[in-house]
2 protein chains.
Amino acid sequence: MTGIEEVAHAAGVSTATVSRALSGRGRLSEATRARVRAAAADLGYVVSAAASTLASGRAENIGVIVPLLDRWFFATVLDGIAAQLAPRGYDMTLYNLTDDPAQRRNLFETSLRRRRVDGLIVLSVELSADELRQLDDLPVPVVGLGVPHAELNGLRVDDTAVGRLATEHLLELGHRDIVHLGWSLPDDAGETLDIPTRRRRGFAQAMTDAGVTAPRFVAADFTVDGARRVARDLLAGPDAPTAIFAASDEMAYGVLSAARELGIELPGRLSVIGVDGHELGSLFDLTTIAQFPHAQGERAGQAVLAALGVDGVPMPSASLPFELVARGSTAPPR
Amino acid sequence: MTGIEEVAHAAGVSTATVSRALSGRGRLSEATRARVRAAAADLGYVVSAAASTLASGRAENIGVIVPLLDRWFFATVLDGIAAQLAPRGYDMTLYNLTDDPAQRRNLFETSLRRRRVDGLIVLSVELSADELRQLDDLPVPVVGLGVPHAELNGLRVDDTAVGRLATEHLLELGHRDIVHLGWSLPDDAGETLDIPTRRRRGFAQAMTDAGVTAPRFVAADFTVDGARRVARDLLAGPDAPTAIFAASDEMAYGVLSAARELGIELPGRLSVIGVDGHELGSLFDLTTIAQFPHAQGERAGQAVLAALGVDGVPMPSASLPFELVARGSTAPPR
DNA sequence: CTGAAAGCGCTTACAG
DNA sequence: CTGAAAGCGCTTACAG
């Protein structure tokens, strides 16, 4: 493959000048710059990433730590990140963080420390104190997105407000008998950034504000099937509510499925609201609190680039937008 | 950050020995290896990716070219790829290939030529002759997955057989009036690996074999909404078929949605079959031809690793499995 | 089995 | 504005 020497020779300059012309760093006469670029294009020369990184300390690569690659939400966030990075010449390297302790240790102790990336984005994962410390020790900026740790400089949605908004929508329609399907830390956990817990607290606050004394909460895991099972029991039982606030759209799908199975018609006998703004929501006619994962990804991308001092990228605000999308799955109770 | 010299000093050996101990290349006494590893762990030393790559020519990184990051199918394939790469110490760098000509040129002419990756996986994209040549010129193995170019060494499903299988399922149920919703190159395009075209040809073959003279084909784009619009017209018209074979599950969802809107009940008045094995298929009770994207990703990962000669990774077979999953959306016509 | 040293292909501080 | 040269931090062919 052609090297920088050949380009220097072809353009009649030194390799230092070639480097400057191609990177755009340092002053250079326009004429020289143009001549070098032409020569490089001619020879099909592209700077070697490894050599450039070693010499400059810049990798032009951002690492992204993702818990689940195959969830719509995360995939869409990734798309948003990529949309910000690619035009600025940054590559994106993915690190899948599983629950396997050995894999996690390997990621934090080895993979991330190879200096392959200039910055890191961490998506919605729960980290141990040790892992947080290891992230902090890395010599690169780290941006969290939906990460429940105040120690990590991050972007987040006000999830308490999300929980409150969803609940208020149901309350305004006239529902009183509402069940929240989600997940939560114990009440004595204190102030927390844990997303499901905050959604549940927003729910509890809104219900209490509306004068409902014992807001009903049912735990389920964050999957279609988990929610379906739990909702089936709930809806078939004697205490079936008139409305369900599911902590995610995929959980809401599970509820819809259980309702269909039991012949419970929506929104006549049951209202359902989810959270996320899932792409198939309109297909199910599902009311939801949209939270724009693509835009979230873009912001996270901007945040790392801004932290790296990339020209023309301002640091975005840390607070992420959300919005009620009212559709046909919610209506006043009969 | 600690360098190799410090480890060498701590272990009382040369940097050459440290390199050998940590990479596992070259012979070394077990005692020395252990001593060096202990020293490295002690100091928290990790080899610099850039330096190692520059010196060795190995990046331990695989590039993946994806058309759409936020489609379930591709996200799941990525997950499968990552599952193969990570345990072997390979990172995965994503390259999003859009339709924007400038972005494409930049990807092929610059990004991919930086020598950042040891191998490349290309997912389901249509490439120009020029782009194919540029891939071929790269000094790394390239594996295609669902790529419609025979020039590219790749893994693929027998899409003609998929189209035939879906159609035969409907025929066996007794349907004759079947519409295929998909996309297709003109019939005079000759032998092709284009996926939608091959599905359509499989459909046409099966119909012809069954004695149906003019198999009905309707073009729609590969989205929920595109299929919904087309299906609405089709199902509301005088020539509504008794069954629809949609070229993807997401298209099938669009058909289901149109049917629901028109009050056409399934599978009584309409049978629907899709292709993919989408994660929400069971929720919709959708009959489909599953094609296991996670396993496809794993195979693609294995294929690059095998091409790189990574120990213990055999080259997987190029032909990918698929399978009829019969659910409630298909039944004999009334 | 182990080490001294060249070399991987760039970038940049320094000098002019 | 441009160049000579040191240096980034490893790996490996060669020698012993």
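Reminder, nothing fancy here: chain letters follow the sequence lines and each chain counts from 1. What's counted below: heavy atoms across the whole structure, side chains too, no hydrogens, waters or symmetry copies.
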**Study point:** Any A:S48 side-chain N or O less than 4.0 Å from OP1/OP2 of C:dG9
**Key:** no
Review point. Of the candidate nucleotides C:dC1, D:dG7, C:dA5, which contains the atom at the shortest distance from the side chain of B:S29?
Key: C:dC1
Exercise for review: Figure out the CD/P separation between A:E5 and C:dT11, and round it to whole Å.
Suggested key: 13 Å
Practice item. Kindly indicate whether the side chain of A:Y45, heavy atoms from C-beta on, has any atom under 4.5 Å from the side chain of A:E6. Key: no
Review point. C:dT12, D:dA4, D:dC10: which one has an atom nearest the side-chain heavy atoms of B:I4?
Key: D:dC10
Point to revise | Spacing of A:E30 atom CD relative to D:dT2 atom C1', expressed in whole Å | key: 15 Å
Point to revise | A:Q296 side chain vs A:Q291 backbone, donor-acceptor pair below 3.5 Å | key: yes
**Study point:** Spacing of the C1' atoms in C:dG16 and C:dT12 (rounded, Å)
**Key:** 16 Å
Check your understanding: In whole angstroms, how far is the P atom of C:dC8 from the CG atom of A:L54?
Key -> 13 Å
Check your understanding: CZ of B:R58 versus P of D:dT11: gap in Å, rounded?
Key -> 8 Å
Check your understanding: Nearest to the side chain of B:S56, which nucleotide is it out of C:dG9, D:dT12, C:dT11?
Key -> D:dT12
Check your understanding: Quick check: does any side chain N or O of A:D91 sit under 3.5 Å from a backbone N or O of A:N61, one acting as donor and the other as acceptor?
Key -> no
Check your understanding: Between A:H9 and A:E5, do the side chains contain an N or O donor and an N or O acceptor separated by less than 3.5 Å?
Key -> no
Exercise for review: Determine the contact category for B:V18: base if any of its heavy atoms lies under 4.0 Å from a base atom, sugar-phosphate if only primed atoms, P, OP1 or OP2 are that close, otherwise nothing.
Suggested key: nothing
**Study point:** Strand DNA chain D in bracket notation, Watson-Crick/G-U under 3.5 Å with | for pairs to another chain
**Key:** |||.||||||||.|||
Check your understanding: What's the closest nucleotide to the B:V47 side chain, out of D:dT11, D:dG9, D:dG3?
Key -> D:dT11
Review point. What about B:R20, does its side chain sit under 3.5 Å from the base of C:dG3 through a donor-acceptor pair?
Key: yes
**Study point:** Test log, rule side chain to side chain contact (heavy atoms under 4.5 Å, CB included), inputs B:R27 and B:R20
**Key:** CA-CA 8 Å; B:R27 353 244 96 251; B:R20 291 190 190 106; over 6 Å; no
Exercise for review: Would you mind reading off the distance between A:E6 atom CD and C:dG9 atom P, rounded to a whole angstrom?
Suggested key: 10 Å
Study note, to complete from the structure: Comparing A:A50 with B:L28, nearest DNA chain C nucleotide closer to 5' gives the residue B:L28
Check your understanding: Which nucleotide in the set C:dT2, C:dG7, D:dT2 lies at the smallest distance from any side-chain heavy atom of A:T32?
Key -> D:dT2
Check your understanding: Just to confirm, is there a sub-4.0 Å distance from OP1 or OP2 of D:dT11 to any side-chain nitrogen or oxygen of B:S52?
Key -> yes
Point to revise | Side-chain heavy-atom pair B:L97, B:R104 within 4.5 angstrom cut-off | key: yes
Review point. What is the distance, rounded to the nearest whole Å, between atom CZ of B:R33 and atom P of C:dC1?
Key: 9 Å
Exercise for review: Report yes or no: does A:D118 contribute a side-chain atom to a donor-acceptor pair with the main-chain N or O of A:I62 at less than 3.5 Å?
Suggested key: no
Revision key, fill the gap. Whole-Å distance, B:R113 CZ to C:dG9 C1', equals 16 Å
Practice item. With side chain to side chain contact (heavy atoms under 4.5 Å, CB included) as the test, would you mind laying out the steps for B:E151 and B:L127 before giving the verdict? Key: CA-CA 11 Å; B:E151 302 90 316; B:L127 302 170; over 6 Å; no
Check your understanding: Is the phosphate of C:dT2, meaning OP1 or OP2, less than 4.0 Å from a side-chain N or O of B:T17?
Key -> no
Point to revise | Contact nearer the 5' end of DNA chain C, comparing B:A55 with B:A16 | key: B:A16
Review point. Between C:dA13 atom P and A:R27 atom CZ, what is the distance in whole Å?
Key: 13 Å
**Study point:** Minimum-distance nucleotide to B:Y45 side chain [options: D:dC1, D:dC10, C:dT11]
**Key:** D:dC10
